[in-house]
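Following: one structure in structure tokens, then a few remarks.
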Amino acid sequence: MASGTSRDVLGRGLRVLGRAIREQPRIFAVAVSGSVLFGLLVIASAYVVGGVVGDVVVPAVERGEVARGALALAATALFGISVLRVVGIFGRRLGAGYMQYRLQAAYRRRVTRRYLELPLAWHHRNSTGTLLSNANSDVEAAWYPIAPLPFAVGTLVMLIGAVASLFFTDWALALVGLAVFPALFALNVVYSRRMAPRQARAQRLRAEVSGIAHESFDGALVVKTMGREAQETARFASRAGELRDALISVGRLRGVFDPMLETLPSLGTLAVLVVGALRLREGAITVTELVSVAFLFTVLAFPVRAIGWVLAELPRSVAGWDRVRRVLDATGEMPYGTTTLDPATREPATLAFDDVHFAYEPAEAHLPGAQVLGEVTFTVPAGKTVALVGPTGAGKSTIASLAVRLVDPGAGWITLDGVDVRELTAASLAATAALVAQVPFVFDDTVRANIALDRAGIGDDEVWAALRLAEADGFVAALPDGLDTMVGERGTSLSGGQRQRLTLARALAGRPRLLVLDDATSAVDPRVEAAILAGLRAPADGAPASILVVAYRRATIALADEVIYVEQGRVVARGTHTELLSTVPGYADLVTAYEQAEQEREQNRTYDEVTPLTSGLEVDR
């Protein structure tokens with residue numbers, strides 16, 4: 001069973017290497033040419049050294065004087081071979097390194113591009129740690145054997161040349177080579193097979209240790225507030241200990257085989273000297289030939305190791321490639337259409353849901369998906385504000401995601417200005433509709449970069465206009481460097497309300513004709529939230545956007561032209577806030593509960609405490 005598994009890994013590993021060669025044939029040819037040149041020159045150097053000893057040194061000892069001409073010729077030959085070997089080494093290493101890094105860069109781009117093409121449903125089934133591993137360590141592992149591969153190919157050519165040269169020199173010495181070289185290769189195969197599972201386990205434990213560390217750091221707030229520091233430290237220490245033991249196992253095996261791999265060529269050299277001395281006494285070979293063969297055996301040990309390096313790395317390469325291919329072969333991308341909406345129009349867009357059904361894909365393919373929405377039909381008229389209200393789990397965030405086509409409905413239609421969103425180009429959809437999500441995401445960059453996002457036509461004037469509309473210009477102006485202030489990873493130097501207003505300004509800077517707010521101002525003081533919504537309804541530039549807002553606060557809901565009340569993924573009522581309060585008991589109970597909870601929060605805490613960057617200059621209200 002183990003042997004079959006080894007053969008399977010070898011076959012799959014060779015197919016991965018074959019793919020690499022097909023993708024980078026010219027660079028591989030350069031690297032192999034350098035390696036072959038080096039290998040042939042190793043054989044040549046052995047015979048040159050033999051010639052120097054037999055034809056220069058020995059006669060000089062016998063005569064008691066050195067022939068300067070012969071010595072100069074020998075030195076020139078050795079220097080020339082050394083220079084050419086350097087050229088071969090340079091070509092091999094440059095080609096192998098260039099090929100490996102090109103493949104890694106290319107597949108990182110492919111994996112990342114595939115991430116962006118795949119729908120959110122696919123991302124929901126894969127953890128962040130797994131996705132990071134796919135794009136980084138798995139790609140590196142897949143192409144790790146590329147570095148020693150040209151060396152190994154050149155070594156095979158060198159071995160064939162060495163055996164041929166031995167037969168050309170003397171059959172008895174060739175038999176010694178035929179005994180040593182297969183033994184050396186067999187030892188490499190045994191070493192690789194024993195090493196493969198150990199390296200695979202160490203690679204898996206590296207990923208687990210990194211995953212635990214990432215999870216602990218990312219969840220530092222939970223760990224500290226729940227007093228789980230000791231438990232998390234123990235969990236990390238347990239996996240780190242297993243990784244240590246696995247790496248020790250790798251080192252122990254290497255400690256056993258490395259001396260054997262080094263000793264075997266030395267034993268071959270000893271055998272050559274014994275057999276060669278007998279053949280020399282018989283007059284079958286010369287001193288030059290004996291020294292050449294002995295020297296050849298001493299320099300073959302290191303190149304032959306390259307074959308073992310490739311074989312040892314194949315299991316890791318196969319495991320990495322399987323994980324990379326899982327991403328590249330994933331299905332479910334959402335192709336965009338070719339229709340564009342008029343980019344010149346600044347009129348608010350009309351959003352319409354028509355009998356929309358939606359179910360999230362299950363974590364396992366054989367399980368049915370959970371139905372989230374059914375028979376959802378409503379319209380956000382041009383220039384109007386529509387509030388989505390409903391209990392937790394009613395499907396409000398799903399509706400928001402559908403509105404900007406983060407996911408597609410299972411049935412029904414969603415249109416912008418009468419055009420199915422699936423028929424729009426990506427650029428047209430992004431220019432028309434913008435979503436501000438529940439959890440604000442801020443890049444580790446400046447305020448300016450977070451808002452502009454390198455989009456054409458968004459300069460400082462547009463950035464400040466968006467900040468004013470989001471009621472964020474005040475706190476940004478008070479920051480130490482204004483628009484050039486670095487906000488930290490995920491905006492850690494800003495308060496929750498500041499981050500929300502920054503992400504709102506980011507969406508507004510693109511001047512969308514439809515703005516979807518998924519509880520995007522929950523961390524902002526109600527008075528500031530009311531000012532923001534009022535500004536969106538009647539902006540200074542006179543170009544209001546249509547607004548779909550997931551709302552909880554009574555004051556926010558009351559600003560809407562129409563309220564859509566949803567329960568269990570269905571629209572159960574619609575009308576003004578006043579109408580629903582008097583006609584829908586479930587709505588009235590929910591809004592009252594929200595209002596009571598809001599009042600309690602107001603009594604127990606102050607909204608958005610002063611941040612380190614504001615230094616007490618302004619409270620984020």
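Computed from a predicted structure; not experimentally measured.
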Before you tell me yes or no, could you show the steps for Thr485 and Val476 under side chain to side chain contact (heavy atoms under 4.5 Å, CB included), namely the whole-Å CA-CA distance, both residues' side-chain angles and the distance that decides it to 0.1 Å? CA-CA 9 Å; Thr485 301; Val476 171; over 6 Å; no
Val324 backbone acceptor or donor facing Arg110 side chain under 3.5 Å: no
Side-chain contact test, heavy atoms from C-beta onward, threshold under 4.5 Å: evaluate it for Thr576 versus Val563 and give yes or no. no
Between the side chain of Gln498 and the main-chain N/O of Ser495, is any donor-acceptor distance below 3.5 Å? yes
Ala466 versus Ala505, closest heavy-atom pair with distance: CB-O, 3.4 Å
Would the distance check show the side chain of Arg325 and the main-chain N or O of Asp322 forming a donor-acceptor pair, the cut-off being under 3.5 Å? no
Taking CD in Gln568 as the centre, count heavy atoms belonging to other residues, nucleotides or ligands within less than 6.0 Å. Is the count above 12? no
Any Lys/Arg nitrogen of Arg448 or Asp484 sitting under 4.0 Å from an Asp/Glu carboxylate oxygen of the other? yes
Is a salt bridge present between Arg326 and Asp329, judged by a nitrogen-to-oxygen distance below 4.0 Å? no
Start with the C-alpha gap between Val584 and Leu580, add the side-chain angles, then the distance that decides, and say whether side chain to side chain contact (heavy atoms under 4.5 Å, CB included) holds. CA-CA 5 Å; Val584 182; Leu580 295 185; 3.8 Å; yes
Would the distance check show the side chain of Thr112 and the main-chain N or O of Arg109 forming a donor-acceptor pair, the cut-off being under 3.5 Å? no
Check whether Thr377 reaches the backbone of Asp355 with its side chain - one donor and one acceptor, N or O, closer than 3.5 Å. yes
Ignoring hydrogens and geometry, is there a side-chain-to-backbone donor-acceptor pair from Arg499 to Leu494 under 3.5 Å? yes
Tell me the closest heavy-atom pair linking Gly390 and Leu590, and the distance in Å. C-CD2, 3.3 Å
Just so I know, are the side chains of Val407 and Phe358 near enough to count as touching, which here means a heavy-atom distance under 4.5 Å? yes
Over all heavy atoms of both residues, which pair between Gly482 and Val447 is shortest? Give the atoms and the distance, please. O-CG2, 4.0 Å
Is the NZ or CZ atom of Arg506 both under 6.0 Å from the centre of the six-membered ring of Phe441 and within 45° of that ring's axis? no
Residues Val566 and Ala394: closest non-hydrogen pair is O-CB, 3.6 Å
Check whether more than 12 heavy atoms from other residues, nucleotides or ligands sit under 6.0 Å from atom OH of Tyr552, and answer yes or no. yes
Between Ser546 and Ala349 (side chain of the first, backbone of the second, donor and acceptor by atom type, cut-off under 3.5 Å), is there such a pair? yes
Can you find a pair of side-chain heavy atoms, one from Leu483 and one from Trp464, that are under 4.5 Å apart? yes
Can you tell me which residue among Asp444, Val463, Val442, Thr503 is in a side-chain contact (heavy atoms from CB on, under 4.5 Å) with Asn450? Val442
Answer yes or no: is there a donor N or O on one side and an acceptor on the other, between the side chain of Thr345 and the main chain of Glu347, under 3.5 Å? yes
Could you check Ile414 against Asp354 for side chain to side chain contact (heavy atoms under 4.5 Å, CB included), going step by step and ending with a plain yes or no? CA-CA 6 Å; Ile414 302 168; Asp354 184 4; over 6 Å; no
Give me the atom names and distance for the closest heavy-atom approach of Ala509 to Arg455. CB-NH2, 3.8 Å
Assess the residue pair Ser397 and Asp518 against the criterion (side-chain hydrogen bond (donor to acceptor under 3.5 Å, both in side chains)); give the C-alpha distance rounded to whole Å, side-chain angles, the decisive distance to 0.1 Å, and a yes or no. CA-CA 6 Å; Ser397 292; Asp518 185 6; 2.9 Å; yes
pair Thr339-Thr425: side-chain heavy atoms closer than 4.5 Å: no
Step by step, work out the side chain to side chain contact (heavy atoms under 4.5 Å, CB included) result for Leu435 and Leu406. CA-CA 10 Å; Leu435 169 69; Leu406 292 180; 3.6 Å; yes
Determine whether a donor-acceptor pair (N or O, by modelled atom type, separation under 3.5 Å) exists between the side chain of Asp561 and the backbone of Thr385. yes
Please report the interatomic distance CD1(Ile451) to CG(Leu502), rounded to the nearest 0.5 Å. 4.5 Å
For the OH atom on Tyr115, are there more than 12 heavy atoms of other groups (residues, nucleotides or ligands in this structure) within a distance under 6.0 Å? yes
Has the side chain of Arg570 got a donor or acceptor atom that lies under 3.5 Å from a matching backbone atom of Val376? no
Could you grab the distance from atom NZ of Lys396 to atom CD of Gln438, nearest 0.5 Å is fine? 8.0 Å
dist Glu140:CD -> Tyr107:OH (nearest 0.5 Å) comes out at 15.5 Å
Would Gln100 and Tyr98 count as a side-chain hydrogen bond (donor to acceptor under 3.5 Å, both in side chains) here? Give the steps. CA-CA 6 Å; Gln100 183 183 37; Tyr98 196 56; over 6 Å; no
Is any side-chain heavy atom of Val386 closer than 4.5 Å to one of Ile564? yes
What is the minimum heavy-atom distance between Val404 and Ala433, and which atoms define it? CG1-CB, 4.0 Å
Note, Leu453 side chain near Phe443 side chain (heavy atom, < 4.5 Å): yes
Are Val111 and Arg108 close enough that some pair of their side-chain heavy atoms sits under 4.5 Å apart? no
Spacing of Thr350 atom OG1 and Arg513 atom CZ [to the nearest 0.5 Å]: 8.0 Å
Spatial distance of atom CG (Leu517) from atom CD (Gln500) [nearest 0.5 Å]: 10.0 Å
Is there a side-chain contact between Tyr336 and Leu429 (heavy atoms, below 4.5 Å)? yes
OG1 of Thr338 to CG of Leu424, rounded to nearest 0.5 Å, is 9.5 Å
